[in-house]
Amino acid sequence: MTAPASDGASPIRVRFAPSPTGDLHVGGVRTALYNWLFARRQGGVFILRVEDTDEARSTEQSTRAILDGMAWLGMHADEGPFFQSDRTELYRAKLAELVASGGAYRCWCSKETLDERRAAFEREKKSFRYERTCRGRTEGPSPDAPFVYRAKLPADGEVVVDDLILGEVVTDNRELDDFVLARGNGSPVYNFCVVVDDIDMRVTHVIRGGDHLANTPKQIHLYDLFGVPRPKFAHLPMIHGMDGKKLSKRHGAASIMQFKELGYLPETMLSFLARLGWSHGDQEVFEVEELQRLFDLKECGKSAGIFDMKKLDWQNGLRIRQMAPVALLDRCKPFLDAKGLDSSAAWLPRAVVLVQERARTLVEAVNGLTMFFDRGTTVKFDEKSATKFLTPANRALVAELADCLAPVEPWLSPDLERAATAFLAERGLDMKQVGQPARVALTGGTVSPPLFDCMEVWGRDVTLARLRGVV
RNA sequence: GCCCCCAUCGUCUAGCCCGGUCAGGACACCACCCUUUCAAGGUGGACACACGGGUUCGAAUCCCGUUGGGGGUACCA
């Protein structure tokens, strides 16, 4: 926020413009993030605009998902959220303006006719473009014949998109259609709404997914038709799943809220997603403030990326380990509550520490915590572990250990370990020989946090009962 | 089919613009160390310039082609 805007007179304005036709997935989140970071870095304005002009596909639930996701990640809009469905008046007016200036015209060709023409072209292996049949017409076949509005594009020449990431992308105007601006029922179509809104909202930089690159030439013509300057464009490479295909639930998760449920931290998502497509030297992990200070479109790559869950896990684990234990516990609470576990248990702060360096997600942390909620004096043994370690001789040894631990005061891990070490020394035994049997006796299995730490969390009574319970 | 975009380890990437480095880092992987188990940590290792032509004394870097991947081709966004 120390970086100055371009010239003070015209502050940078960017927008994230998702359509509420499904979950907010990581690709969309990254687009939002880059816009947001760009705005923050440049001291600009970040706008959120929901593109819900497709009544058939837009749902309130998806809108909710977008808003919830943005809130969870802490990406707050400076302006908006705006909804295109609230702005139909504006589109109507701008369309009329374009018609008046000759930039748009009515087309009475039915969808069926067009489909037929398209099929005919396909049969001849030629690419179809609207043939501009109605370009000169002033009235339809009948007074009440339905029509759409189309943009009047130049028949030749070329458009060049000077993309901030990709460089110059030149398109021959002959590749372009007189595309539809508004449907037969008068409702405007995407390519028209974006441009009208971006003009109206004074958007200076359009930063969006690469799937929009092909739309850009058309949109540029609209800017020209309106006689207003074009914004700058930046098209981000796409994100794919581990198999190189489009990201979906098969890859673990796609929707941002799924990551929340899986126990990933929002700051991990931000840092990780920022780094997928952008880099700053060799740095791998970024705090949000750093991103806001460092993010630069010039450091964005052009090639599509693959979302690597393993690396996400690593970074999330890293952050969990670096967190203050109380903070971690706090983050775990919703998950604890969801499992019906008492998140106010007195021993929880001590247990969290044990689980902290072993968890990569909050879910894993809570799973690690779960066994401590069992305060019973007996445990169910894991079959294999019991067979292997709870031999008659070992059972006796564990019981003896219990006797030697019984008087330890205070009941703290270091004191317990000291007592156990002495016990072992007396018998010329090694920790290796009692460790696992005792662990199985105490926890039921062979994997757990350090033995004496566990004993401390369970307390004297539970621990002794379990150790002695094996004979 | 046509148009467009992209191309460095399995993955994210640095290097490319302004040709000359043992092509660097991170995740994952393997080995070893640490160790009461699991983690964490430490050390080491294997691993890439898609291919083919140019240009050049010299190409991952510049140019062309091929191949591969992706996007678009709607009265979707």
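Here the structure is a predicted model, which means the values were calculated and not measured. In what follows, every heavy atom counts, from backbone to side chain, and hydrogens, waters and symmetry copies are set aside.
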Give a yes or no on whether the ring-centroid distance for A:Trp36 and A:Phe16 is below 6.0 angstrom.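 Distance test on ring centres: not under 6.0 Å, no.
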
Can you pull out every salt bridge (Lys or Arg N to Asp or Glu O under 4.0 Å) where at least one residue sits in residues 145-160 of chain A? Sequence neighbours excluded, please.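 Passing the test, one end in residues 145-160 of chain A: no pairs.
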
Counting only heavy atoms and a strict 4.0 angstrom limit, can you tell me which residues of [range] come near RNA chain B?
range: residues 173-180 of chain A; answer: A:Glu175, A:Val180
range: residues 207-217 of chain A; answer: A:Gly210, A:Asp211, A:His212, A:Leu213, A:Ala214, A:Asn215
range: residues 436-454 of chain A; answer: A:Gln436, A:Arg439, A:Thr446, A:Val447, A:Ser448, A:Pro449, A:Pro450, A:Leu451, A:Phe452
range: residues 142-158 of chain A; answer: A:Val148
range: residues 127-134 of chain A; answer: A:Ser127

List for me each residue that meets side chain to side chain contact (heavy atoms under 4.5 Å, CB included) alongside A:Asp200, sequence neighbours excluded, and say none if there are none.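 For A:Asp200 the side chain to side chain contact (heavy atoms under 4.5 Å, CB included) partners, ignoring immediate neighbours, are A:Arg87, A:Leu90.
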
By side chain to side chain contact (heavy atoms under 4.5 Å, CB included), which residues pair with A:Val285, not counting sequence neighbours?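 Scan of A:Val285 (side chain to side chain contact (heavy atoms under 4.5 Å, CB included), adjacent residues dropped) gives A:Ser271, A:Glu287, A:Trp314, A:Gln315, A:Leu318, A:Arg319.
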
Could you tell me which nucleotide pairs with [N] by Watson-Crick or G-U wobble geometry, both distances under 3.5 Å, or answer none if nothing does?
N: B:rU73; answer: B:rG1
N: B:rA26; answer: B:rU11
N: B:rC57; answer: B:rG20

Classify the nucleic acid contact of [X] as base, sugar-phosphate or nothing, counting any heavy atom under 4.0 Å across all strands shown.
X: A:Lys111; result: base
X: A:Gly277; result: sugar-phosphate
X: A:Glu51; result: sugar-phosphate

So for A:Lys311 and B:rA26, does any side-chain atom that can act as donor or acceptor lie under 3.5 Å from a complementary atom in the base?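 Donor-acceptor pair under 3.5 Å: yes.
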
Any N or O donor-acceptor pair linking the side chain of A:Gln283 to the base of B:rG25 at under 3.5 Å?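 Donor-acceptor pair under 3.5 Å: no.
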
Set of side chain to side chain donor-acceptor pair (under 3.5 Å) partners for [X], sequence neighbours left out:
X: A:Thr463; answer: none
X: A:Arg331; answer: A:Glu267
X: A:Arg64; answer: A:Asp68
X: A:Asn367; answer: A:Lys339

Quick check: on RNA chain B, is the nucleotide nearest A:Val170 upstream (toward 5') of the one nearest A:Asp430, or the reverse? Name the residue that is more 5'.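 The residue mapped nearer the 5' terminus is A:Val170.
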
Assess whether atom CZ of A:Arg174 is packed by more than 12 heavy atoms of other residues, nucleotides or ligands within 6.0 Å.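 Atom CZ in A:Arg174 is not packed in, count stays at 12 or less.
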
Whole-Å distance between B:rG41 P and A:Trp314 CH2?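 About 10 Å, once rounded to whole Å.
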
Rounded distance in Å - CG (A:Leu318) to C1' (B:rA39):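 A:Leu318 atom CG is separated from B:rA39 atom C1' by 14 Å.
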
Side chain of A:Ile306 only, heavy atoms from C-beta on: which candidate in B:rC12, B:rA39, B:rC75 is closest?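 Closest nucleotide to the A:Ile306 side chain: B:rC12.
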
